[in-house]
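Data first, discussion second: the structure below is written as structure tokens.
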Amino acid sequence: MFFGKNLRYLRETNGKPSQEKLGKQLGLTRSAISSYEDGRAEPKFDTLNTIANHFNVTVDQLLNVDLSKLSDEVLKQKKNLDKYIQGENLRVLAITTDNKQNENIEFVPVKASAGYTTGYADSEYISELPKYHLPFLPKGKTYRAFEVKGDSMLPLKPRSIVIGEYVEDFTSIKDGMVGIVVARNLSEGIVLKKIYNRVPQHGVFVLKSSNLAYPSYEIAAEHVIEIWKFAAYISKEFPEETNSLGDLKEAFWRLEDELRDMKDHQQNSLF
């Protein structure tokens with residue numbers, strides 16, 4: 001295994017924290033870090049997983065790949081992906097303003113959703129979308145409105161309008177956040193889902209519908225163009241949902257996550 005060598009390499013190439021400082025960040029002692037790096041001790045799986053998540057690598061890479069010998073191109077691609085996810089480069093948001101330089105809320109109806117996935121960064125395309133102002137929304141943020149398609153997010157009805165707040169840093173997304181996802185390689189192009197962040201572990205987001213008739217699915221982080229956090233909605237119908245149905249959904253999602261974690265644990269235990 002390359003674990004000890006990789007741990008030392010990751011520590012020395014990520015700000016060069018001391019063994020004591022890294023131990024505090026991971027909830028471990030300095031002597032534990034020293035023992036791992038020198039090969040005098042082997043961590044439990046939970047500790048391995050914590051270390052892998054901290055350095056944004058997989059457990060398999062941590063154990064079985066000599067990270068110090070990865071090509072410069074691979075490392076460059078990883079850094080570019082990290083910057084993309086954090087909104088530091090490669091993602092462009094086009095906006096419009098009124099004559100007082102206040103940002104507009106552009107509206108993307110269903111009929112424009114296909115064009116939006118290609119024209120999202122084109123200021124001319126964005127300027128042609130309908131524009132609105134909603135005074136009840138907090139100022140200082142960027143918003144966009146999208147028309148809901150289908151019934152995957154009941155109790156929100158089809159044709160409801162969802163206003164989203166722009167998410168610049170994808171790493172800030174908390175599990176279960178409801179948001180609009182604009183992505184490549186999605187048949188719908190734009191979807192409203194509950195978002196589960198699995199980027200540190202697997203490089204993907206898990207998208208879940210509130211309607212149990214629709215299965216959950218994963219999408220690679222690099223295919224995500226924009227994410228808009230749910231801020232408000234406008235509908236002609238009042239949504240209703242019984243508590244029992246909500247409880248059933250939560251139980252189903254917990255079971256699904258537990259099965260996913262068990263599968264990951266079984267795969268990693270083979271190494």
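Counting heavy atoms from C-beta on, the side chains of Ile219 and Leu207 come closer than 4.5 Å. A 4.5 Å side-chain heavy-atom check between Leu192 and Phe146 finds every atom pair outside the cut-off. Using a 4.5 Å heavy-atom threshold, the side chains of Asp38 and Arg8 count as touching. Residues Val148 and Val110 have side chains not in contact (no heavy-atom distance under 4.5 Å, counting atoms from C-beta outward). The shortest distance between side-chain heavy atoms of Glu237 and Pro155 does not fall below 4.5 Å. The shortest distance between side-chain heavy atoms of Arg11 and Lys16 does not fall below 4.5 Å. Lys193 is listed as a side-chain neighbour of Ser209, based on a closest heavy-atom distance under 4.5 Å. Between Leu7 and Leu62, the closest side-chain pair of non-hydrogen atoms is not below 4.5 Å.
Side-chain polar atoms of Asp66 and Tyr9 form no donor-acceptor pair below 3.5 angstrom. A donor and an acceptor atom, one from each side chain of Tyr120 and Arg144, are nowhere located under 3.5 Å apart. With no hydrogens or angles considered, a side-chain donor-acceptor pair links Asn104 and His133 at under 3.5 Å. Side-chain polar atoms of Ser34 and Arg40 form a donor-acceptor pair below 3.5 angstrom.
Around CD of Glu42, the count of heavy atoms belonging to other residues, nucleotides or ligands within 6.0 Å does not exceed 12.
For the side chain to side chain contact (heavy atoms under 4.5 Å, CB included) with Trp228, the qualifying choice from Val162, Ile180, Ile163, Val181 is Ile180, the only one to do so. Each of Glu128, Glu103, Lys131 was evaluated against Thr96; a single residue qualifies, Lys131, per the side chain to side chain contact (heavy atoms under 4.5 Å, CB included) test.
Residues satisfying the side chain to side chain contact (heavy atoms under 4.5 Å, CB included) criterion with Phe107, sequence neighbours excluded, are Pro109, Pro130, Tyr132, Ala145, Glu147, Ile161.
Ion pairing of Glu165 with Lys229 is absent here, as no side-chain N (NZ or NE/NH1/NH2) approaches a carboxylate O to less than 4.0 Å.
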